[in-house]
Structure formats: C-alpha cells, structure tokens
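Here's the structure we're looking at; comments come further down.
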Protein chains: 2
Amino acid sequence: MDEKRKAPKLRDTATVVPLPRKPGAALTITDVAEFAGVSKKTVSRVLNREPMKAATRAKVEAAIETLGFVPNVQARALAFRKNFVIVLFIHDSTSPMAMKFQRGVLSAIADSELALAVRPVDRESPDLLADIETFLGRQKPMGAIFLPPLSERDDIGEMCQRLNVRYVRVGSAPLDMMSRSVWSNDRDVVTAVVRDIVARGHRRIGFVRGPSGFRSAREREAGFRQALQAAGLPVDEALMVDGHYSFESGVSAGAALLDAPHPPTVIFASNDSMAAGVTRAAHQRGLSLPRDLSIVGFDDNPVAQQIWPSLTTVHWPIAEMGALAARKLVPDMLLGAGEDAADLPSMVESTIIPRESLGDAKQGKSE
Amino acid sequence: MDEKRKAPKLRDTATVVPLPRKPGAALTITDVAEFAGVSKKTVSRVLNREPMKAATRAKVEAAIETLGFVPNVQARALAFRKNFVIVLFIHDSTSPMAMKFQRGVLSAIADSELALAVRPVDRESPDLLADIETFLGRQKPMGAIFLPPLSERDDIGEMCQRLNVRYVRVGSAPLDMMSRSVWSNDRDVVTAVVRDIVARGHRRIGFVRGPSGFRSAREREAGFRQALQAAGLPVDEALMVDGHYSFESGVSAGAALLDAPHPPTVIFASNDSMAAGVTRAAHQRGLSLPRDLSIVGFDDNPVAQQIWPSLTTVHWPIAEMGALAARKLVPDMLLGAGEDAADLPSMVESTIIPRESLGDAKQGKSE
DNA sequence: TTGTAGGCGTTATCAC
DNA sequence: GTGATAACGCCTACAA
C-alpha cells in the first residue's frame, strides 16, 4: 500500500506541473528522477559529477533546472559521513588577522554548498587536542584549517590524519606537506624592509620581538638579523626587546628602547599592534614622528592606517591565504573546470606598504 | 537474514566489551540500546531530554558514558530537518564589531552541540533576500542572527517566519518582538555622554553622523539632540556633518568641522572609526589633543585604545549581545536547568569609557 | 513509560 | 552506462 501511494499521485501532477510529493515539503531526487524519467541513482550521479552519458546528464540537468531542485545537504552529509562544512580553528584571541583570514575563506566558498564553522580553542588548555578531536568527530567537516599558533603543532596534524580529516596549516613558513600548507614569506619580506630602512640612513635599528614559541616571531627575527648581516651592520642585542604581539607589550617595548641611554632612530615591531604601542610610547615622550623616530610594523592591520602617523608596514596577505587554504582543502568543490589543485601555490608574497611612519635618518643621528 | 546478522555478533562482544557493530565504525544508538538493554527509541529519548522514568534514564546515561557514545549530528539533522547550527548573517564589511559579536556567540555555544556558521551578505544586492533564503534553505539552521544593518529590515524577519526559522535581530533599538530582539540603549548613553561633555564646559559640540538608513545612526543622533535640548543648548546644524562609519569619512568630517570659520571645541563621532579619522584630521592640522580639541567616539573598538590620544568612547557591549542572542535563540540547548528564557533580558547597557581624548573646554574658547 | 515499524533524502553495492 | 535495493543513524507516529 505504501509503495503505491506516491506513484499515482505523482503521475497526476509531476509529469505536467513540477510539484513536491508532499505539499509543503521540498523536492527530492526522487521527484527529479521521475520528472526526468531516470532513476534516483542517476540523478545522484549528476549531482556528484560522476562520469555518464552526456545525453542523460543533460536530461537530468534540465529537470533540476526546471524544478528548481536543491539537494538536501543533511542527507548528503549522512550518506557521505561528511558535513559540507569547513572548520576554522583559531586560538582564542582578539586578533584582527583571524577575521581577515576568515573573510578570505568565506570569499572562496561564497558560491559553493559549503559553510564555514569557526571554532575558537585555547592553545594553553591541556584539553586542546581532545577539544579539537571532539569537534571534528561531531561535525565531520570536509576539512579543517588551523591558524597560528595552532598550526605550528605537529600533533594536531597527526591527529587529523588519524581521524581522516583533511586539513591545511597556515603560517609564516612551510609547516607540512605542500598540499597541507599555506604560508607567507615573512623572513624574506622583513629582510627587504630592513634593507629599505638601512637605505634611508638608519644605523641604530630597534627590534620588538613577537612571543617566543611563535614561528612567525622567529621568522621575522631571522629576517631582521639576516638583513643586518647583509648590510654589514652589527646586531646590537640591547636594541632587541621582547613583546607578545599585544599593544600593551608594544608600549612597554617602546618605553624600554626610547628610555635607553642611546635610543634607536627607528624601531621595527614584529606586528602592527606592537608598532601602535611603540607609537604611543613615542607620543608620550613628546617625540615628533617620523622626525625623531621612525616606526615600522607588520600585518597591515586596520589600525595601521588609523594611527598618527600612519604606519609603514608589511601587508600580510592573510585574506588571500584564507581563500587559498579553502581552495586547497576542497579543490573538487571550489575549483573551476580548467583549474587544477596542483597549480595552486602554497606561498603567498607579502608586500611592503609605505606610509608616513618611516622617514630618513636625521643627519646628526645616523651612525 | 539481514535482521539477524547483527544480533549474534553483538551478543558476543558488546555485553562484555563495548565495541562498535562494525570495526572502524562509530557507535550508534543501537549499540547503546543493546548495551543498556532498552530500545533505540529510549536512548533517543534520553538524548532529547524527553520525560521518562529516572531509573531508565540513569541506566541509559551510564551506558552512554561507559561506551563514550557521541550522537551523529548529521543523522539527527536529517531526521529533525534542522541542522545543529546557528547562522550569523553579517553585512560584508571590515567591521571589528561583527567579530566581537561573533566571539560572544561562540562563547555561549562553546560547550554545546551547536556550531556557528558565518554568512556575509551584501545588503546592497538586489538578491539579498534570495541569498539569505537559499542559505537558510540549504543549512536549515536552528536559528539565525542578523546584525545591523541587516537586522533593520522587517522583510528579512518576515521571510524567516515564513521559512519557519527562528531568528534574533540585533540593533540599537528594539526591532522585533522581545524574544527576537537584542538591543543596546544607544540613545540614552549618547545623551549621557553629551551631558558629560557639556559639564566639562564645552558649548560648541561637533557631531559626525553615521550613514543614513542605519538605525544606530538615527538613535545616536537623537540622543545627541536630546542632550543639547536638555542642556538648553541650541542645535547648530552647521556643526553636524555626515559620515559613513568609515575612517576616511571621519577624516573628511573632521576636516570640514575644523576648517570652518568657527570650529567646535569637541567633536562627537558616531563611531570609533570616524573618531579616529577626526583625530587624524586634527593631527594633520597640528592641533594638540585634547587641549585644542576633544574627541569622543562610540563602540570601544580596539583602535580606541591604540590611537593617540586614546579615545574616550562608549563601550558598546556587542560581545554580551552576541552571547545573549544565542541564548535567546536556542534556550533549550544553551540554558541551564534553573534558567528560563523569559528571564533573559533584551536590552544591554552601554557604558562610558573615559580615556584621554576628552578634556575640559579651554577658558577662552568655551562659549 | 516504553517499544515497533517506517521514514528523513541521499549515496553505495551490485546486478543488468 | 544505468537501475533496484539496501544502507546511513536518528526521529516520529502509533501501538502496547
């Protein structure tokens, strides 16, 4: 009785007017199949772009079009044992970079079936791995993206492989296999920036470090040292102070450098928040910028444009990295016909953004 | 044959050692049911907190615990026709507020089964409604949250009701039924701020508007006018200029006000980005802040602390609003045993954050 | 209060 | 290349 219930109903309507089997309910592949005169499985094959006869495909696609059929994501998720979701794991922080990255991911998946889920986790927590595993186990996402400093942990990558979850690790250096990495050339671009600084006559260059344990901090410091060496300048450890990527730590670092007996003429901070802090420390001391002190940052945060003077900085192409990470993660869903995942780059170039905060060294002060 | 296949297998193992029916597969409620000696439906009832005998519940919960069973979200989603997801619709912008709000939502759902999906949409697009409808139709979320300016459109709310999707509209004034609204008291707090400004001796108060069509902009302007009226001050339309909530529009607005023949001694900008722009315009003109000009903003963005001088502003409790919105949206999942959705507030108080940018009016300049 | 049968919309298996 | 039938893991309706 049940088996026969639908068929008659359908024959009355669907062959003429596209109507769902039940009033109020959405269309299913069964409707499409009947309308196109094929089996459910054939419709499924079209949805999943499996190889088939062109004519059949065209027929089904026409049916989908005229019926306005939209596949049910939940049902596919159940059958696939995968959710149509990308998870972005971020270390719980107020980082504007995480948001920029997120925007990049969203732009890449905007027209796809995919959704982005954001999951903040605490890298200090002893339950970090368990938290991530639970979330992945629940959501069964198509892929996961890890931002620094989470991305720097190899054990997270290994866990994903064990759980059979695709992932991409994002950072300031290659952290995993090419297909699982997106990174920026922090070291090289910092070297280039410092070269510019030296070319402007500066000899005493202060450096504010990022937090220890962050790969980005190490890379940027390495680039700094490399540039000094290349320029034949000594590395003065007294001009290198610690920071934690926070505005407040930038204020402290700036204070330490500026109150020293022989302060630098320019300070490079390993990110913009700290550069803004250094700027504040300079203002507090009545310095005129960039006349008395030049400041250079890294990130190209919104704040870089909004402080006075506006900050010469490195544009960290984090949004592009987000889009790239998404495309590497699910190439079959996000890449067009002609594109090939193997052609996707893994490294994205940072660029120097000249603004107001970097000036020439004063005559008397250089050297 | 098929029906019997599982049972014998299970009886051998599950009663002694908790093992999934198939090697490598996850446990299902069937496993839990057999282990606890009840039916699948009973386990389902426990998962959904339906009323049942305490002893049975305890037995099943013990089984879930010892087996480490985690329900399959996709299967539940398919059966419920609802995904365990909250969607946050944001107008595509670089707003730091959207991210703060997001953090609030995430904190509220952190320990639940729910995930947060973020969906940027373009409020200018003619397809706005269709875009949202498509996304809701695909994801079938447990609820949707709309941030300004999307939240100000009644048609979006009506569409959600038609689609049977719960929603919350967030804004600077009540926009919908209490149970579907979360808002802040923008008007009142601006009135209070302006009262403070007047108390400091200022009489010529500049005002930078938000974009027309934004409810928040109207509310903040209304609060401003109200305060002037209450103080017995005239409203000088020449001191009120337009802005778009952007840094650049703040620079232009600041320039317009400061280059006028008789400039104000203090400028209130309707958000912090514009206040930062006004600050820049003042710096460019060589003004000393707050001696020559006081500036007050609204939002308490990160930039408010990082510019020089730091910005006296209104703390817009957007993260709290995010957490509140989530809890109102799915109270049965996010509220504790003793809590009641009816007790949740709808309005969140903004507070004034005194920093450096607001000073007393100079003797000669006041009036 | 608990259990049984059937369905949610899709994909996988394995014939044809 | 295409189709019938059985999963996928849970919930709803209804029966006991």
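Everything quoted here is computed from the prediction, not taken from an experiment. Chain naming here is simple, since letters A, B, ... match the order of the sequence lines and numbering starts at 1 in each.
A heavy-atom distance below 4.5 Å is not found between the side chains of A:Leu163 and A:Cys160. The side-chain heavy atoms of B:Asn72 and A:Lys140, taken from C-beta on, include a pair separated by under 4.5 Å. Residues A:Ile64 and A:Leu47 have side chains in contact (heavy-atom distance under 4.5 Å, counting atoms from C-beta outward).
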Test side chain to side chain contact (heavy atoms under 4.5 Å, CB included) on B:Arg166 and B:Met142; report intermediate values, then the result. CA-CA 7 Å; B:Arg166 309 183 61 165; B:Met142 300 288 280; over 6 Å; no
Side chain to side chain contact (heavy atoms under 4.5 Å, CB included), that's the test. Do B:Lys59 and B:Val38 meet it? Break it down for me. CA-CA 9 Å; B:Lys59 194 166 55 178; B:Val38 297; 4.0 Å; yes
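Both A:Ile29 and B:Gly37 lie near DNA chain C, and the one whose nearest nucleotide falls closer to the 5' end is B:Gly37. Closest-nucleotide positions on DNA chain D for A:Ala75 and B:Arg81 were compared, and the one nearer the 5' end corresponds to A:Ala75.
Among the atoms of the strands shown, none is found under 4.0 Å from any heavy atom of B:Val43.
Taking side-chain N and O atoms only, B:Thr28 has no distance below 4.0 Å to OP1 or OP2 of D:dG9. One finds no side-chain N or O of A:Arg76 lying less than 4.0 angstrom from the OP1 or OP2 phosphate oxygen of C:dG9. Proximity of A:Thr42 to the phosphate of D:dG3: a side-chain N or O atom is located under 4.0 Å from OP1 or OP2.
Note: B:Phe89 and B:Phe135 have perpendicular aromatic rings, judged against thresholds of 30 and 60 degrees for the angle between ring planes.
Atoms CZ (A:Phe84) and P (C:dT11) sit 7 Å apart, rounded to a whole Å. Summarising the geometry, the separation between CG on A:Leu78 and C1' on D:dC11 is reported as 12 Å, rounded to the nearest angstrom. Separating the NZ atom of A:Lys140 from the C1' atom of C:dT11 is a distance of 16 Å, rounded to the nearest angstrom. With rounding to whole Å, A:Lys59 atom NZ is found 13 Å from D:dG3 atom C1'. In this entry the distance linking CD of A:Gln74 with C1' of D:dC11 reads 14 Å, nearest Å. A:Asp31 places its CG atom 13 Å from the C1' atom of C:dT10, with the value rounded to the nearest Å. For A:Asn83 and D:dC8, the CG to P distance is 18 Å, given to the nearest whole Å. Regarding A:Glu34, its CD atom lies at a distance of 12 Å from the P atom of D:dG3, rounded to whole Å.
Counting distance only, with no hydrogens placed and no angle test, the side-chain atoms of B:Lys40 and the base atoms of C:dT4 include no donor-acceptor pair under 3.5 Å. A donor-acceptor contact under 3.5 angstrom links the side-chain atoms of A:Lys41 to the base of C:dA12.
Distance from the side chain of B:Pro71 is smallest to D:dC10 among D:dC10, D:dT2, C:dG9. Nearest nucleotide to the side chain of A:Ser39, out of C:dT1, C:dT11, D:dA4: D:dA4.
Listed in residue order, the members of residues 44-54 of chain A having a heavy atom less than 4.0 Å from DNA chain C are A:Ser44, A:Asn48.
Remark: B:Arg169 engages B:Asp154 in a salt bridge, criterion side-chain N to carboxylate O under 4.0 Å.
Other residues, nucleotides and ligands contribute only 12 or fewer heavy atoms inside 6.0 Å of the CZ atom of B:Arg49.
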